[in-house]
There are 2 protein chains.
Amino acid sequence: MEITAPKKGTLKAIAAELGLSITTVSRALAGYSDVAEATKNRVRAAAAAADYVPNSAGKMLVTGRSGFVGFLLPVRETAILDPFLGEYITGLSAGLAEQGRDLFMTTVSSSQSEATVLKHIVDAGRADAMVLTRIAEEDERVDFLVKRGFPFVAHGRTLDHSDYSWIDTDGKQAFSDLFQWLYQELGHKKIGLLSITESMTFRRYREDGLIGAIKDCGDPDVTLTTRHVPRFDTASWGEAIRSMLESENRPSAIVALTDELALSVLEHAASLGVSVPESLTVIGYDNIPAAHYSNPGLTTFDQSIRSTAQQTAGLILDTLDTPDQIQQKLVSPIFIRRGSHGPAPKPVPNSLKTVSKTKG
Amino acid sequence: MEITAPKKGTLKAIAAELGLSITTVSRALAGYSDVAEATKNRVRAAAAAADYVPNSAGKMLVTGRSGFVGFLLPVRETAILDPFLGEYITGLSAGLAEQGRDLFMTTVSSSQSEATVLKHIVDAGRADAMVLTRIAEEDERVDFLVKRGFPFVAHGRTLDHSDYSWIDTDGKQAFSDLFQWLYQELGHKKIGLLSITESMTFRRYREDGLIGAIKDCGDPDVTLTTRHVPRFDTASWGEAIRSMLESENRPSAIVALTDELALSVLEHAASLGVSVPESLTVIGYDNIPAAHYSNPGLTTFDQSIRSTAQQTAGLILDTLDTPDQIQQKLVSPIFIRRGSHGPAPKPVPNSLKTVSKTKG
DNA sequence: CAGCCTTTCCAAAACGTTTCGGATGGACGA
DNA sequence: TCGTCCATCCGAAACGTTTTGGAAAGGCTG
């Protein structure tokens, strides 16, 4: 027996075994150039043999970094975690893993506020950075982190989003393009918008995109009928949808803010005998899995969540490396044409179309 | 200016401010008896004023504990996180927060195996203990943690579950009691069992409970029809359910392994014109929120997930305090009577009933 | 008043890592 | 031969906490 063998699995143990100093072992593993190639190899071999994994506390103490990125799971009571989040988390986790970081998720229980949990994470140094999602037009979490100067990336943005890093899909452009397509290519003039009551920023951008495009086209015959429903209160959607479908001035195309809403429109249309796409066009947003299996398949926008999540991980890296440099990314969703769209049922007799391309 | 003011928000800073030693400040905050009450108060006040939060890395380094409890989120690709998990996580998180611990969740991306992620967490000391869920009859995660001697609590159990801590609901007893009630109180003799193909332990226990009770009752007229379907492949359920419902020897009571399955039975029964509960009794298990809103309301077992999750947090505490003492808890689910059950449609003319209590 | 016990406090070590500022030895140029 | 430079290595400090093993001071007992 030696005097005292150092505890297994530490730099000290490897150093003792190899007759080197702790410094050299540390630097060899970190790949510094001031340690001989031969030595590096010896060290690497010994480390591998000993199943060496650096103690995170030791590293954290000296670097001040935990290697964790924090995420607040928006699970409330019995609420379901939607497919969007599931995929996003998976992508984010994978992206961070590539950087050697871990994703640290927490829920907020009913007894705490989201702000309390956030404060705890920041104060206790549980995470080096945060990822925020489901951003509202005004968001106290964003305000808190900005004020504290704590690194974070928002997936989505607040109304005033100049002074922090975010990544978002360009819903405004998407809905603007969408209207132009509906109008010019398919001849729709009676547009229905099914939106949510909650004041989320993405709602505003999408609505603005649609409304702005309608204004810009300058056609006085174009009408817009809008209904707002509570986002997660599925039970209350029916009334709004039926009132749109049963109105004597029924829209020929209904644009829904999310796929969930669009699918609900599809269901009610079926039960009311309104055929899609012959007499009604329905467009969604998100491209959730169910959108693929509906009948007819839902025409919608794909946010490529996985890739967005990966990019978020990249932004986190940037934010940590260069904290004072903010990064903002707007990604364009991809339009997915499935079966829920078609030309407007009653083509206007002799209108003043600008360009009239017929889809091949 | 002082020589060098210690960094804000550390024990050293508070000690310097108060003219005390670091030791005393540390012990005062920890509530040791060898520091005067007056001093304790001074320290507490100063700590509060400075918004002092102990640096977790420092604490971790010396105690060897991270304060994290790990949890592997079973999110796979686009798979939805079910309501069960959402509630469980929330409860677990709340229970751990009371102990000053944090719940550290990770997903496993498609490129890694669950075992790899688990190994990483254990090796890197990311968590002090683990919570495992969705336990299979044989489970490599359980084996791994047992072999490594790493503290964990399983929610559910493997077939051989003698040497680790777990908490589970007593599905065997529940299904056994269920049959007795169906048979003795409601007069059902043609039982259908809709189960899953996956070899989960909870499946086996529930099946065993039902089958055992049927054997025990000794009535040769009792028949059991069983169908196994893939748990998450909802599309494939219909065939199995219809074959049961359309069989000329249709069961008068169908017992489903989960509420999802039971609700699907309800739907198919409705579309086939089989009235529930008049000509068919349907029983579920889990009491998911949707079970409350179905038509008729689903009679099922409630696992009181929230409370189970809280208890899991308690078990974690025990496991960390007394690592060599294993804890095993079997909790009884609560039977929830709603509208999907009724007496057997054709009462047997003149049978040999043992006890015949009629429900009031 | 001496000895002992209590109360209250503290110095120093330890945890495992990274990194700064050398130290050592040999090769090479002058 | 001496000085310079490079390649390679290492000692020691630092991060912030907990804990061990006292130490100092005062009160009490005899």
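Chain letters run A, B, ... following the sequence lines, proteins first, then strands; residues in each count from 1. Not measured: the values here are computed from a predicted model. Hydrogens, waters and symmetry mates are skipped; everything else that's a heavy atom, side chains included, is used.
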(message) Please check if the number of heavy atoms outside B:Lys59 that lie under 6.0 Å from its NZ is greater than 12.
(response) no

Output the rounded distance in Å from [atom1] ([X]) to [atom2] ([N]).
{"X": "B:Asp34", "N": "D:dG22", "atom1": "CG", "atom2": "C1'", "answer": "12 Å"}
{"X": "B:Met60", "N": "D:dC15", "atom1": "CE", "atom2": "C1'", "answer": "14 Å"}
{"X": "A:Asn55", "N": "C:dG16", "atom1": "CG", "atom2": "C1'", "answer": "5 Å"}
{"X": "B:Lys12", "N": "D:dT18", "atom1": "NZ", "atom2": "P", "answer": "14 Å"}
{"X": "A:Leu11", "N": "D:dA12", "atom1": "CG", "atom2": "P", "answer": "18 Å"}
{"X": "B:Asn41", "N": "C:dT8", "atom1": "CG", "atom2": "P", "answer": "13 Å"}
{"X": "A:Leu20", "N": "D:dA7", "atom1": "CG", "atom2": "P", "answer": "19 Å"}

(message) Please tell me whether B:Phe104 and A:Phe68 form a close aromatic pair, meaning their ring centres lie under 6.0 Å apart.
(response) yes

(message) With a 4.0 Å cutoff (strictly under), does any side-chain N or O of A:Tyr52 reach OP1 or OP2 of C:dT17?
(response)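 A:Tyr52 to C:dT17 OP1/OP2: side-chain N or O found under 4.0 Å.
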
(request) Using a cut-off of strictly less than 4.0 Å, decide whether B:Ser26 has a side-chain nitrogen or oxygen near OP1 or OP2 of D:dT18. (result) yes

Checking all strands, does [X] fall into the base, sugar-phosphate, or nothing category for heavy-atom contacts under 4.0 angstrom?
{"X": "A:Gly19", "value": "sugar-phosphate"}
{"X": "A:Ile22", "value": "base"}
{"X": "B:Ala36", "value": "sugar-phosphate"}

(message) Please compare B:Thr39 and B:Leu61 by the position of their nearest nucleotide in DNA chain C and report the one closer to 5'.
(response)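 Here B:Thr39 is the residue nearer the 5' end.
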
